Participant: 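Here you go, one structure.
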Amino acid sequence: MDLYWPRLLKNDKEPGFYVKHFIKDMNLALNQAEKLDLDLPVLEKTRDEYVSLHEDDLGTQALVDYYDPKKK
């Protein structure tokens, strides 16, 4: 948060770590969880939220847009 908070206050959503890479990592974890018969609904929900932002190829801090009521 120390790194991204100042950027968020300026509405700077330039990528530091791309959403697409985070989605890849979450998919790897979910695939492994499925093999182990684990249910990870919070990770699934989080992945789905990031997927909704993926098309813009933003950084992970752009998740704030998902929760912005003005953008819904």
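As the structure is a prediction and not an experimental result, all values here were calculated from the model.
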Participant: From Leu30 CG over to Leu43 CG, what is the distance, rounded to the nearest 0.5 angstrom?
Facilitator: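 These two atoms lie 4.0 Å from each other.
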
Participant: Enter the distance from Arg47:CZ to Ile23:CD1 here, rounded to the nearest 0.5 Å.
Facilitator: 8.5 Å

Participant: Rounded to the nearest 0.5 Å, how far does CG of Asn27 lie from CZ of Phe22?
Facilitator: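 Phe22 atom CZ to Asn27 atom CG measures 11.5 Å (nearest 0.5 Å).
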
Participant: Do Leu38 and Glu34 have side-chain heavy atoms sitting under 4.5 Å apart?
Facilitator: no

Participant: Enter the distance from Met26:CE to Glu49:CD here, rounded to the nearest 0.5 Å.
Facilitator: 9.0 Å

Participant: Is there side-chain contact between Gln32 and Leu36, with heavy atoms separated by less than 4.5 Å?
Facilitator: yes

